[in-house]
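Heads up, the thing below is written out as structure tokens.
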2 protein chains.
Amino acid sequence: MSSYSEPYRPARVLLVDDHTLVRDGMRMHLALQPSLTVVGEADDGEAALAWLARRQPDALPDLLITDIGMRGMGGIALADALHQRHPEIAVLMLSMHDNLEYVRQAMRAGARGYVLKDAPADELLAAIDAVLAGRVFYSARIARRMIEEGPASHPLDALTPRERDILNGIGRGLANKEIAASLGVSVRTVETHRLNLKRKLGIEGRAGLVKYAVEQLGGDAAGG
Amino acid sequence: MSSYSEPYRPARVLLVDDHTLVRDGMRMHLALQPSLTVVGEADDGEAALAWLARRQPDALPDLLITDIGMRGMGGIALADALHQRHPEIAVLMLSMHDNLEYVRQAMRAGARGYVLKDAPADELLAAIDAVLAGRVFYSARIARRMIEEGPASHPLDALTPRERDILNGIGRGLANKEIAASLGVSVRTVETHRLNLKRKLGIEGRAGLVKYAVEQLGGDAAGG
DNA sequence: GCGATCCTGCGTAGTACTACGCAACGGGAC
DNA sequence: GTCCCGTTGCGTAGTACTACGCAGGATCGC
């Protein structure tokens, strides 16, 4: 990995996961690496940000390893917030989903790596090495699927921001009227977006769109 | 089967989870307990059953700790299969969901304990002690919710078989007309069931019912 | 047998969503 | 500037779903 001219210092790591057992497993693996020190843990995004705010600026971690799906503030929002405040801190995303849309969201939010929780144990260490060296790392299964599906074939990528807003509302079980109110637009506008969504996503029937939206959201926000 | 006049022997444990990190975390905790020995691991239900089939009958584990949600054969099916073949082996279910319906299914399948993955670490050990002693253990949050909601108050339990059929169709994104066709009844009948479903489940709005149905069906693969 | 429950189906009214087409406005790209 | 695109919104028609109430037939337990 990287060669320091300064005296050798282990890379500082902050672990963020709401599952105690996962944190334990990571801590155990990382403790075996002399080049790494776990300096803190948190069980959700807000706790992680609070931890970082309390931390001395010269003792911030070099790497944040976070779960993607947590109660409260999830890994994507955390990566986003961290990337704006401390872009120098590497972010490695942990996930149980091989859903490529999550991967893209994570990378857009500033994550440099994406590792699946059921991946072989040494993949985690390889990923840490890579992101600390400034490289990008994907779990083998993710990389394979990216090659298979193509880097931008997912229909969600074709959606405009506003269409995502509407899809989000649909996935939360809201009626058009409620979505319109929450976005401050007319019901007709929501209907237009909805029609466009169905065309873009190739969905027929009204229930189908709700199903699709719930499945897209259901994984990280409502799941647990 | 085993009489405890024989010399002291640590309890044998089989770990089943598709997440390497979770297995690592568990193994680490259990290694600190002299009264326990991890004798095997598997990453899904079928692998666990295959492992058990290869095992000498006099060296079977005393306890199986399994994740509830795994690719392929999940924890509930595994508990069910194991409970029929080896009812003497205690089963402790691990889950990220505090959904009481999962808890009930697990217990019906023969599990003796249900621990959440984000529970404090000592809860796992307490749960192991309990189920090895023949007692039943629930994570604190599960126990609290059971008290709050009542032991059998889950609305899904109140549904009739036909209502489940309709809910299933809704969750697959079908329209009333399609559900009616697939069940061989009239649209009006489906509408009646649908109205009853919303009353029983306390749901308002049409999208809300679809959302609920999708979450009930798709919940096995979801999670953080 | 009798009551309870479930499944089935209809009538009626009102509300929500679909499926077009059309168009004005603003922001970027070229 | 001009063009493209995203966002916003309306008109019109048709379809789907909601929300009651009512009721016959089947099944099961007592």
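Chain A is the first sequence line, chain B the second, and so forth, proteins listed ahead of strands; every chain is numbered from 1.
- Looking only at atom types and distance, the side chain of B:Ser139 has no donor-acceptor partner in the side chain of B:Tyr114 under 3.5 Å away.
- Remark: B:Asp165 pairs with B:Arg162 by the side-chain hydrogen bond (donor to acceptor under 3.5 Å, both in side chains) rule, at least two apart or across chains.
- Toward the 5′ end of DNA chain C lies the nearest nucleotide of B:Arg162, the other residue of the pair B:Arg162 and B:Ala207 mapping further downstream.
- For B:Ala175, the side-chain contact (heavy atoms from CB on, under 4.5 Å) criterion is met by B:Glu178, not counting sequence neighbours.
- In 5' to 3' order, the nucleotides of DNA chain D bounding all contacts with chain B (an atom under 4.0 Å from a heavy atom) are D:dA16 to D:dC20.
- For B:Glu46, the side-chain contact (heavy atoms from CB on, under 4.5 Å) criterion is met by B:Asp44, B:Met73, not counting sequence neighbours.
- With sequence neighbours excluded, the residues forming a side-chain contact (heavy atoms from CB on, under 4.5 Å) with A:Thr189 are A:Val185, A:Ser186, A:His193, listed by chain and number.
- Here A:Lys117 does not pair with B:Asp18 in a salt bridge; the nearest charged N to carboxylate O distance is not below 4.0 Å.
- Sequence neighbours left out, not one pair with a member in residues 74-90 of chain A passes salt bridge (Lys or Arg N to Asp or Glu O under 4.0 Å).
- Contact check on A:Asp129 versus A:Arg135 returns no salt bridge, with no Lys/Arg side-chain nitrogen under 4.0 Å from an Asp/Glu carboxylate oxygen.
- Axis angle, first five pairs versus last five pairs of the helix from C:dG1-D:dC30 to C:dC30-D:dG1: 50°, rounded to 10°.
- Across all their heavy atoms, A:Arg12 and A:Leu60 have their closest contact at NE-O, 3.0 Å.
- Rounded to whole Å, the distance from CG on B:Leu195 to C1' on C:dG9 is 14 Å.
- Residue B:Thr192 has no polar side-chain atom (N or O) positioned under 4.0 Å from OP1 or OP2 of C:dC7.
- Contact detail for A:Val210 and B:Ala207: the closest heavy-atom pair is CG1-O, 3.8 Å.
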For B:Glu215 and A:Val214: C-alpha separation, side-chain torsions, deciding distance, then whether side-chain contact (heavy atoms from CB on, under 4.5 Å) applies.
CA-CA 7 Å; B:Glu215 287 172 349; A:Val214 172; 3.9 Å; yes

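- What you find for B:Ala48 and B:Val16 is that their closest heavy atoms are CB-CG2, 3.7 Å.
- Taking both residues in full, the closest heavy atoms of A:Trp51 and A:Glu41 are given as CD1-O, 4.4 Å, listed atom of the first, atom of the second, then distance.
- Residues that satisfy the side-chain contact (heavy atoms from CB on, under 4.5 Å) test with A:Ala79, not counting sequence neighbours, are A:Val91, A:Met93, A:Ala109.
- Looking at residues 180-190 of chain A, you'll see A:Val185, A:Ser186, A:Arg188, A:Thr189 sit with a heavy atom under 4.0 Å from some atom of DNA chain D.
- Within residues 169-179 of chain A, the residues that have a heavy atom under 4.0 Å from DNA chain C are, in order of number, A:Ala175, A:Asn176, A:Lys177.
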Contact state string [nucleotides 25-30 of chain C, B base, S sugar-phosphate only, - no protein heavy atom under 4.0 Å]:
------

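- Here B:Glu163 pairs with B:Thr160, B:Lys200 under the side-chain hydrogen bond (donor to acceptor under 3.5 Å, both in side chains) rule; sequence neighbours left out.
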